[in-house]
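Structure first, commentary second.
Note on naming: letters A, B, ... go to the chains in the order of the sequence lines (proteins, then strands), and numbering restarts at 1 for each one. As the structure is a computational prediction, the values presented were derived from the model and not from experiment.
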Amino acid sequence: MRLFNTLTSKKEEFKPLDGKMVRVYVCGMTVQDSPHMGHLRVFTVFDFLYRFFHIIGWDVKAVQNFTDIDDKIIQRSKEEGVDWRELADRYEYEYREIAKRMNFLPIFHPRATQHIQEIIEMIEKILENGYAYVKDGNVWFSVKRYSEKYGYGVLSKMSLDDMLAGARIEPDPTKEDPLDFALWKAKKEGEPYWPSPWGEGRPGWHIECSAMSSKHLGLPFDIHGGGRDLIFPHHEDEIAQTKGATGKEFARFWIHVGLLTTEGEKMSKSLKNYFLAKEALQDFSPNVIRLMLLYGHYRSDLEFYPDKLVEFSKAFSKLNEKLSHIHGDIDDKLKSELLDILKDDLNTPEFFANVFKLAESERKDTLYTLKYILTNLGFKFDEDTKEDVVLKRLLDLREAARKERNYELADKIREILRMARVEIMDTPKGTKYRIF
RNA sequence: GGUGGCGUAGCCAAGCGGUCUAAGGCGGCGGUUUGCAAAACCGCUAUUCCGGGGUUCGAAUCCCCGCGCCACCUCCA
């Protein structure tokens, strides 16, 4: 298949290094708050990618970290008067619940603080190789020294001068150069810390991903991904640290997911324009959320508004109506045509356009092929038509009223159900409903 | 200021040199159906792709110049 590689800025032919098993590392949550739809988009895209790899015959070893120690967790723990570990546990649990609801494939989730040893070892190697220096219990990565050997900025395509030009923050006085970044931060009063050869302290932001990815996947591995906002500095620094420590190639392909926007602007906590994943899951099925998030191409920004979930509820209902009870044989030709679309840099918009067109077919094999592929890509049919006892009794009541021509009552029941976001359809085969 | 990207119907969003008088979803309009509805089904809904030049037999797609927007350069998926 072909994938767009941020490293080379073009689509390239992709195959797993060992020919069978794709090794992927995705930057996961910093567990300091509830995941919002923007986070969910990234993880939905990667779940879709893993599932697609499986369909075309590759195994996947996916690692997605939880960063459970960082400035914001510490800050929040101070604000709330709650131990930082408790906060991290709370939001890790929230993420796992959401992942389960979303029908994500189970993958490995290492935690930063369980890899302090590996992190320290990696920093020691970087120091040995001369790309870092110790100052007052801090360990800084020397961007200039590293850059002379390997070139810094290969991913973000920025020159050192470019980066300096935009430097907006007061450099830390213990840094030799404003571009340098922290590998290890000296302990501050009241903050969590671990012992290290440089004194008590904690890891810098980027190093945990370098340590965990190389430990669990080996070097080099196939794909490293995350939100587009991580390209600089996070991913750039991961590359520098890993090469600085090992001299080896890091990830071959870098895949970055576009941002979820509201009114054109990035969804983020600071802009207060975010919509929580758990809110969406309260009211809409995972199918709807999955479809909505994948209906745009993964590399483009995607506009979000709450009504979009309503729109996609309707769209998914149509598919569900068509496919839920279908059985047949797989049309191999059709199957490979549809998969070919996805082989081109995961062109989900084109793929779903075809799905909706083909769903109008009367041919059982065509419909079953769609159902087969979509199910393997994480959708669940039938789910929205499960009988619910209370609902069924209400429908029986309404049916009785209709038989007595008590349309006033029948309409009242329909109206109430509508308010509860259940829509009724009277068909020759009886009353159907759908939850929207 | 630097770097990267985007601007396609009411909204969302593909297409990236010919099959484009531009996919698909939502919405809207008309019809079939219905106790009335809804759903479903059928039909219609951009001769045109931010503006202006250019390259080409041919451009939404390539190049140049404007205008507008976004992201990153500070924590961020």
Does the plane of the ring in His36(A) sit parallel, tilted or perpendicular to the ring in His39(A)? Use 30° and 60° as the thresholds.
parallel

side-chain contact (heavy atoms from CB on, under 4.5 Å), that's the test. Do Val31(A) and Tyr95(A) meet it? Break it down for me.
CA-CA 8 Å; Val31(A) 278; Tyr95(A) 176 83; 5.6 Å; no

Any side-chain N or O of Lys266(A) below 4.0 angstrom from OP1/OP2 of C72(B)?
yes

Tell me the partner of C36(B), counting only Watson-Crick (N1-N3 plus N6-O4 or O6-N4) or G-U wobble (N1-O2 and O6-N3) with both under 3.5 Å; none if nothing fits.
none

Short N-O contact, Asp89(A) and Arg96(A), less than 4.0 angstrom:
no

Rounded to the Å, how far apart are His234(A) NE2 and A71(B) P?
20 Å

Strand partner of C75(B), provided both Watson-Crick or wobble distances fall under 3.5 Å
none

I'd like to know if Glu97(A) and Lys100(A) make a salt bridge, using a cut-off of under 4.0 Å between side-chain N and carboxylate O.
yes

Expressed in angstrom and rounded to an integer, what is the separation of His206(A) atom NE2 from C72(B) atom P?
15 Å

Same-atom distance (C1') from U45(B) to G52(B), integer angstrom
30 Å

Arg145(A) and Asp177(A) ion-paired at < 4.0 Å
no

Return a single string for nucleotides 31-38 of chain B, one symbol per nucleotide in 5' to 3' order, where B is base contact, S is sugar-phosphate-only contact and - is none, cutoff 4.0 angstrom on heavy atoms.
----BBBB

Can you tell me the pairing partner of G4(B) across any strand shown, Watson-Crick or G-U wobble, with both distances under 3.5 angstrom?
C70(B)

Taking only distance into account, with no hydrogens and no angle test, what donor-acceptor pairs under 3.5 Å do side-chain atoms of residues 403-415 of chain A form with protein atoms, sequence neighbours excluded?
{"unit_1": "Asn406(A)", "atom_1": "OD1", "unit_2": "Leu409(A)", "atom_2": "N", "d": "3.2"}
{"unit_1": "Asp411(A)", "atom_1": "OD1", "unit_2": "Arg414(A)", "atom_2": "NH2", "d": "3.3"}

Taking Glu176(A)'s backbone N and O only, do any of them form a donor-acceptor pair with Tyr133(A)'s side chain (distance below 3.5 Å, no angle check)?
yes

Check for a donor-acceptor pair, side chain of Arg252(A) on one end and backbone N or O of Phe14(A) on the other, with a separation under 3.5 Å.
no

Atom NZ of Lys314(A) and atom C1' of C11(B): how far apart are they, to the nearest Å?
13 Å

Ignoring the backbone of Glu311(A), work out which of A14(B), C26(B), C12(B) is nearest its side chain.
C26(B)

Any strand is fair game: report the nucleotide pairing with A14(B) by Watson-Crick or G-U wobble, both distances under 3.5 Å, or none.
none

When you measure from the side chain of Ala315(A), which nucleotide among A23(B), C26(B), U3(B) comes out closest?
C26(B)

Could you please name the option among C12(B), C26(B), A77(B) that lies closest to any side-chain atom of Cys27(A)?
A77(B)

When both hydrogen-bonding distances must be under 3.5 Å and the geometry is Watson-Crick or G-U wobble, what is A23(B) paired with, if anything?
none

Among Phe141(A), Trp140(A), Tyr131(A), exactly one meets ring pair (Phe, Tyr, Trp, His ring centres under 6.0 Å) together with Phe181(A). Which residue is that?
Phe141(A)

Could you check how far CG of Leu160(A) sits from C1' of G2(B), rounded to whole Å?
13 Å

Looking at Glu92(A) and Arg111(A), is there a salt bridge between them, counting it only when a charged N and a carboxylate O are closer than 4.0 Å?
yes

If the C1' atom of A22(B) is compared with that of U47(B), how far apart are they to the nearest Å?
11 Å

With respect to the phosphate group of A14(B), does any side-chain polar atom (N or O) of Asn347(A) fall under 4.0 Å of OP1 or OP2?
no

Evaluate the ring planes of Trp254(A) and His224(A), with Trp represented by its six-membered ring, and classify them as parallel (under 30°), tilted (30 to 60°) or perpendicular (over 60°).
parallel

Among G25(B), A77(B), A23(B), which is the nearest nucleotide to the side chain of His36(A)?
A77(B)

For atom CD of Glu321(A) and atom C1' of G25(B), their distance in whole Å:
17 Å

With sugar-phosphate meaning primed atoms plus P, OP1 and OP2, does Lys72(A) contact a base, only sugar-phosphate, or nothing at under 4.0 Å between heavy atoms?
base

For Tyr93(A), is the OH atom crowded, meaning more than 12 foreign heavy atoms sit under 6.0 Å from it?
no

Taking only the C1' atom of each, what is the distance from U8(B) to U61(B) in whole angstrom?
11 Å

In whole angstrom, give me the gap between the C1' atoms of A9(B) and A46(B).
5 Å

With sugar-phosphate meaning primed atoms plus P, OP1 and OP2, does Ile231(A) contact a base, only sugar-phosphate, or nothing at under 4.0 Å between heavy atoms?
nothing

If the plane angle is over 60° it's perpendicular, under 30° parallel, otherwise tilted; pick one for Tyr295(A) and Phe352(A).
parallel

Determine the contact category for Lys322(A): base if any of its heavy atoms lies under 4.0 Å from a base atom, sugar-phosphate if only primed atoms, P, OP1 or OP2 are that close, otherwise nothing.
sugar-phosphate

C62(B) versus C44(B) - spacing of their P atoms, nearest Å
31 Å

Under 4.0 Å, heavy atoms only, any strand: does Gly226(A) hit a base, just the sugar-phosphate, or nothing?
sugar-phosphate

Starting from C1' on C16(B), measure out to NZ on Lys10(A) and report it in whole angstrom.
17 Å

Round to the nearest Å and state the distance from Leu230(A) atom CG to C73(B) atom C1'.
14 Å

Short side-chain N/O contact to G25(B) OP1/OP2 from Lys357(A), under 4.0 Å
no

Could you state the atom-to-atom distance from CE of Met158(A) to C1' of C72(B) in whole Å?
6 Å

When the nearest nucleotide of RNA chain B is assigned to Glu265(A) and to Phe43(A) on a heavy-atom basis, which residue is associated with the more 5' position?
Glu265(A)

If I pick the C1' atom on C64(B) and the same atom on A59(B), what distance separates them, to the nearest angstrom?
15 Å

By the Watson-Crick or G-U definition, both distances under 3.5 Å, G43(B) is matched with C29(B)

Tell me which nucleotide among C12(B), C75(B), C26(B) gets nearest to the side chain of Lys318(A).
C26(B)

Nucleic acid contacts of residues 291-303 of chain A, taken as heavy-atom distances under 4.0 Å to RNA chain B
Tyr295(A), Gly296(A), His297(A), Ser300(A), Asp301(A), Leu302(A), Glu303(A)

Using atom C1' in both nucleotides, what's the gap between C50(B) and G5(B) to the nearest angstrom?
16 Å

Please state the P separation for the pair A14(B) and A38(B) - nearest whole angstrom.
32 Å

